[in-house]
Amino acid sequence: MKIYAIYDKESEQNLAIGYLFYYEKAEAYVIELADWLDEWEAPLLFQGLVKKGIYTVPASLAVLWVRERVIPSGRQNIGSILKNAKLKEYNEMTLLELSKGMCAQDSCYIEAILREQLPEDIKERTQKNISECFLAEDSQIICLFYDNTVRKLDLSKMADHDRDVCHILKNEALLESVKVGVGGYCITFNDSIEIAASAVRKEGVLLPLSANDMLGFVQKNLVDTTTACDMLQCSRQNLSYLIKTKKLLPVMRGAKENLFTKGAVEKVRNE
């Protein structure tokens with residue numbers, strides 16, 4: 001991940017007005033705006049968000065801000081431009097760096113910084129992002145946050161006022177595709193429908209346990225095939241028979257190894 005401070009030459013504050021986060025592998029952008037910005041000092045593209053008190057710019061809008069200051073790949077003389085820039089192929093982020101993020105539409109520019117240089121309030125804001133998520137029963141999503149909290153999101157309660165959620169609930173494959181979005185700013189379904197982390201925090205029910213509690217359970221109470229055989233003092237063939245006869249059900253099946261809860265294995269051993 002690369003981080004860039006966003007400055008505005010015309011700002012009287014002489015401070016970064018925001019921070020651009022670039023996730024290289026996903027080729028995705030997110031922008032965190034400074035919370036002292038008002039709608040008049042914010043870049044035009046973000047004024048609507050700031051007016052509503054929203055300072056985290058979603059990836060879909062952040063990429064528009066980036067692309068309005070980068071030469072498009074379809075430009076007629078793009079070959080000559082890349083040659084002059086000593087680039088073998090088109091690279092959006094490299095072109096943004098070369099121009100320092102400047103464009104004719106505003107007076108903004110960017111400077112690369114280290115994560116340690118981020119202001120504490122921006123660091124704290126990212127702690128409200130999602131670290132893990134998984135599908136629970138009855139179309140509920142369990143989300144673990146970086147601030148060690150856990151929330152349960154009931155999608156059925158959101159369906160009345162969100163068409164995308166209605167679509168998710170009608171498509172089982174789409175529902176099961178849920179995963180954490182880039183940077184933990186959202187949960188995403190098939191990389192096409194997103195629910196922002198802020199919405200999960202608002203709509204989700206805070207559970208009386210921590211993210212560390214749940215991770216601790218996984219670390220201490222899941223055993224693999226080899227460990228299960230050792231606990232039961234049986235061969236892999238005998239373990240396969242137990243699975244086939246449904247006396248022992250794995251919580252996750254793999255090509256070579258399965259995962260079981262320690263309690264389920266103990267129950268079989270004691271019967």
Side-chain angles (χ1 to χ4, degrees), residues 1-115 117-119 121-123 125-126 129 164 181-186 188 191-194 196-199:
M1 180 180 68
K2 294 182 177 180
I3 306 174
Y4 303 84
I6 303 172
Y7 292 94
D8 187 340
K9 293 178 181 178
E10 295 183 358
S11 174
E12 297 179 357
Q13 298 286 346
N14 199 28
L15 298 170
I17 65 169
Y19 298 87
L20 171 67
F21 295 78
Y22 174 57
Y23 297 86
E24 297 169 273
K25 291 184 178 180
E27 296 184 345
Y29 309 90
V30 174
I31 293 175
E32 292 285 3
L33 298 173
D35 56 14
W36 52 263
L37 271 183
D38 59 30
E39 61 178 297
W40 308 112
E41 291 194 82
L44 180 62
L45 197 59
F46 308 144
Q47 287 180 357
L49 293 177
V50 174
K51 188 175 182 179
K52 296 177 183 177
I54 299 172
Y55 293 91
T56 296
V57 179
S60 58
L61 196 56
V63 71
L64 293 180
W65 184 85
V66 169
R67 288 177 180 169
E68 72 179 7
R69 51 198 68 238
V70 173
I71 299 168
S73 60
R75 185 161 170 172
Q76 188 174 6
N77 62 338
I78 189 65
S80 299
I81 294 171
L82 295 180
K83 185 177 180 179
N84 291 334
K86 298 181 180 180
L87 296 178
K88 294 182 179 179
E89 59 185 9
Y90 184 87
N91 186 291
E92 192 173 71
M93 193 64 229
T94 301
L95 290 171
L96 184 73
E97 290 175 325
L98 288 173
S99 69
K100 294 186 177 180
M102 292 186 287
C103 75
Q105 298 184 42
D106 56 39
S107 53
C108 292
Y109 65 96
I110 63 171
E111 288 185 359
I113 64 169
L114 299 175
R115 185 175 181 82
Q117 294 175 280
L118 283 171
D121 62 318
I122 299 294
K123 292 180 183 178
R125 197 185 298 173
T126 60
N129 291 349
D164 284 339
V182 172
Y185 285 92
C186 66
T188 179
D191 292 322
S192 59
I193 299 176
E194 298 180 354
S198 57

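The basis for the numbers below is simple: all heavy atoms, side chains too, and nothing from hydrogens, waters or symmetry mates. Nothing here was measured: the structure is a model prediction, and the numbers come from that model.
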Exercise. Kindly say whether E24 contributes a backbone atom to a donor-acceptor pair with the side chain of E27 at under 3.5 angstrom?
Key: no
If we ignore angles and hydrogens, is there a donor and acceptor under 3.5 Å between the side chains of E92 and Y29?
-> yes
Q) Would you call I110 and Y7 a side-chain contact if the rule is heavy atoms closer than 4.5 Å? A) no
Checklist entry - Is the number of heavy atoms from other residues, nucleotides or ligands under 6.0 Å of K123 NZ greater than 12? => result yes
Quiz prompt | Side-chain heavy-atom pair V182, M1 within 4.5 angstrom cut-off | solution = no
### Query
Can you find a heavy atom in the side chain of C186 that is under 4.5 Å from one in the side chain of P58?
no
- Message: Just so I know, are the side chains of Q105 and L44 near enough to count as touching, which here means a heavy-atom distance under 4.5 Å?
- Response: no
| query | Do side-chain atoms of S11 reach the backbone of D8 as a donor and acceptor pair under 3.5 angstrom? | reply | no
Donor-acceptor side-chain pairing of E194 and T188 below 3.5 angstrom: no
Looking only at side chains, do T94 and N91 share a donor and an acceptor under 3.5 Å apart?
-> yes
Decide whether Y22 and E97 meet the rule of one side-chain donor and one side-chain acceptor closer than 3.5 Å. no
Looking only at heavy atoms, the pair that brings V57 and A62 closest together is CG1-N, 3.7 Å
| field | Within 45° cone and under 6.0 Å: R67 NZ/CZ vs W65 ring | value | no
Here the gap from C103 atom SG to D106 atom CG, rounded to the nearest 0.5 Å, amounts to 4.0 Å
_Is there a side chain to side chain contact (heavy atoms under 4.5 Å, CB included) between Y55 and I122? Walk through the geometry before answering._
CA-CA 10 Å; Y55 293 91; I122 299 294; over 6 Å; no
Nearest heavy-atom contact between A5 and I113 is CB-CG2, 4.1 Å
### Query
Would a 4.5 Å heavy-atom cut-off, applied to side chains only, mark V66 and L20 as touching?
yes
| query | So, N77 side chain and S80 main chain: donor-acceptor pair closer than 3.5 Å or not? | reply | no
Rounded to the nearest 0.5 angstrom, the CG-OG1 distance for N129 and T56 is 7.0 Å
Are E32 and R125 within salt-bridge range, i.e. N to O under 4.0 Å?
yes
CD1 (I54) and OG (S198) are apart, to the nearest 0.5 Å, by 7.0 Å
Heavy-atom nearest pair, V50 first then A42, reads CG2-CB, 3.8 Å
Value for CG (L95) from CZ (R69), rounded to nearest 0.5 Å, stands at 14.0 Å
For the pair E89 and L82, evaluate side chain to side chain contact (heavy atoms under 4.5 Å, CB included) and give the outcome as yes or no after the intermediate values. CA-CA 7 Å; E89 59 185 9; L82 295 180; 5.7 Å; no
Point to revise | Within-4.5 Å side-chain heavy-atom neighbours: W36 and E41 | key: yes
Output for pair (E111 CD, Q117 CD), nearest 0.5 Å, gives 10.0 Å
- Task: With the side chain counted from C-beta on, respond yes when L49 and L61 share a heavy-atom pair under 4.5 Å apart, and no when they do not.
- Result: yes
Margin query: Using the rule given for side chain to side chain contact (heavy atoms under 4.5 Å, CB included), can you reason through I71 versus I78, listing the C-alpha separation, both sets of side-chain angles and the distance that settles it, and then say yes or no?
Written below: CA-CA 8 Å; I71 299 168; I78 189 65; 3.9 Å; yes
Looking only at heavy atoms, the pair that brings Y90 and V70 closest together is OH-CG1, 3.5 Å
Counting N and O atoms only, with roles assigned by atom type, does the side chain of Y4 sit under 3.5 Å from a partner on the main chain of Y109, one being a donor and the other an acceptor? no
Distance col, row C108:SG vs K100:NZ, nearest 0.5 angstrom, shows 15.0 Å
Checklist entry - Can D38 and K51 be counted as an ion pair, charged N to O under 4.0 angstrom? => result no
Closest heavy-atom pair, V63 versus S60, reported as atoms and distance to 0.1 Å, is CG1-O, 3.3 Å
Might you work through the side chain to side chain contact (heavy atoms under 4.5 Å, CB included) test for I31 and Y19, ending with a clear yes or no? CA-CA 6 Å; I31 293 175; Y19 298 87; over 6 Å; no
